[in-house]
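Below, chains carry the letters A, B, ... as their sequence lines are ordered, and counting in each starts from 1. Just so it is clear, the structure is predicted and the values come from calculations on it, not from any experiment. Computed over heavy atoms, backbone and side chain alike; hydrogens, waters and symmetry mates excluded.
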There are 2 protein chains.
Amino acid sequence: MTDSNPNASLTAPSIHGDALPPVEQHAQQYATVRNAHETELIEDYVELIGDLLTHRGEARAADIANRMAVSQATVSKMIRRLNELELVTSKPYRSLFLTEAGQKMAETSRARHDIVLHFLRALGVKDATARIDAEGMEHHVSDETLDIMQRFTEQQQKS
Amino acid sequence: MTDSNPNASLTAPSIHGDALPPVEQHAQQYATVRNAHETELIEDYVELIGDLLTHRGEARAADIANRMAVSQATVSKMIRRLNELELVTSKPYRSLFLTEAGQKMAETSRARHDIVLHFLRALGVKDATARIDAEGMEHHVSDETLDIMQRFTEQQQKS
DNA sequence: CAACATTGTTAGCCAAGGCTAAACTATTTG
DNA sequence: CAAATAGTTTAGCCTTGGCTAACAATGTTG
């Protein structure tokens, strides 16, 4: 018996409210998540570098390592990748800078992050929790949902 | 200059609303996300196996491969891991079953997933989008936020 | 029941993202 | 200005989660 057997559900009736989505849609969901995973670390680094540049004036590997709770070696390796992707420019032993593409990515990421964070706070989530959740959620929120979150937050603030 | 220089912000005043969180808190955010990543694939597999068992009566590797849009070899390898973790039992060439621990994990996952999905729909997100977002978000939503989401959804349904 | 189709497994490859240890560069300070 | 300290890089290791190709088992069917 395979997944496409149309009678299967007759022999094993659902006790759940939600049935399984069609295979193609289901596959799409997982593929989208896998895809997000490939870019999200990159985005986190770029976003953090952008934040450090904005708030501190420079972005050093040691700061990134501390804030990400990761070894300096890991950061160094990652910076090489970011360089290859032309998201940052770096001279050995010097502060990092974002390329134009990097800046664009940092801004987009930061904006998404803020929308999610503010939305969670508007929902009534405690700040510390909201920050943790936002960090994890931001890469998995579609533009459509992001839009709705933003409107919700604005509504909330009016009242 | 390092991250802990207390004067840095004087020379580079923030143009953003949100300042950088303290290093320890920031590190905690990233660590939590990294941690979630380690378990989320496992949870996705277990959840899907549970759903297949519920809705189809059996869970075959081929079905999992199709629904996850992944090769059968990948599924086979993963099943070995799930076995080692004592989340599933399997005999070669036979359907999979969940151990007690596996069932517990599947239920928890399914419940979280449903709460997030229903919340997104209650927010006004289109079904297809909500499904994709929920798949990605579910592993990054704290219990606190989950609770709030559930209450929100219930509120919404009353009106 | 033999052949074919489907399903599952194994072997071996790859990239990503962690780590530690060691070497090197830059900065600070006695 | 030499030595100590701090920061950065490199080398080399490990695990995870993908993949393809080849092979093995099972199920179906002429």
D/dC19, OP1 or OP2 - any side-chain N/O from B/S71 closer than 4.0 Å?
yes

Atom CE of A/M105 and atom CD1 of A/I42: how far apart are they, to the nearest 0.5 Å?
7.0 Å

Could you check which of D/dT8, C/dC19, C/dT7 has an atom nearest any side-chain atom of A/A62?
D/dT8

Nearest-Å distance for atom pair CG/C1', residues B/N35 and C/dG18:
13 Å

Out of D/dT8, D/dT16, D/dC19, minimum distance to the side chain of A/Y93 belongs to D/dT8

Closest to the side chain of B/R94, out of D/dG27, D/dT9, C/dG8, is D/dG27

Can you tell me if the side-chain N/O atoms of B/R81 get under 4.0 Å from OP1 or OP2 in D/dG17?
yes

Roughly how many Å is it from CG in A/N83 to C1' in D/dT10, rounded to a whole number?
15 Å

Of all the nucleotides listed (D/dG18, D/dG7, D/dT10), which has the minimum atom distance to the side chain of A/R60?
D/dG7

How is A/V70 classified with respect to the nucleic acid when contacts are heavy atoms under 4.0 Å: base, sugar-phosphate, or nothing?
sugar-phosphate

To the nearest Å, how far apart are A/Y45 OH and C/dA16 P?
14 Å

Using heavy atoms to find the nearest nucleotide of DNA chain D for A/P92 and A/K77 separately, return the residue whose nucleotide is more 5′.
A/P92

Would you please test A/R56 and A/D63 for salt bridge (Lys or Arg N to Asp or Glu O under 4.0 Å) and show each step?
CA-CA 10 Å; A/R56 294 281 193 269; A/D63 299 344; over 6 Å; no

Whole Å only: how far is the CG atom of A/L96 from the C1' atom of D/dT8?
11 Å

For a quick check of understanding: with a heavy-atom distance under 4.0 Å over all strands, which category does A/L41 fall into, base, sugar-phosphate or nothing?
sugar-phosphate

Would you mind checking if A/D133 and A/R121 are paired as a salt bridge, meaning a charged N to carboxylate O distance below 4.0 Å?
no

At 4.0 Å (heavy atoms only), tell me whether A/A61 reaches a base, stays on the sugar-phosphate, or touches nothing.
sugar-phosphate

Judged by modelled atom types alone, do A/S90 and A/N83 share a side-chain donor-acceptor pair under 3.5 Å?
yes

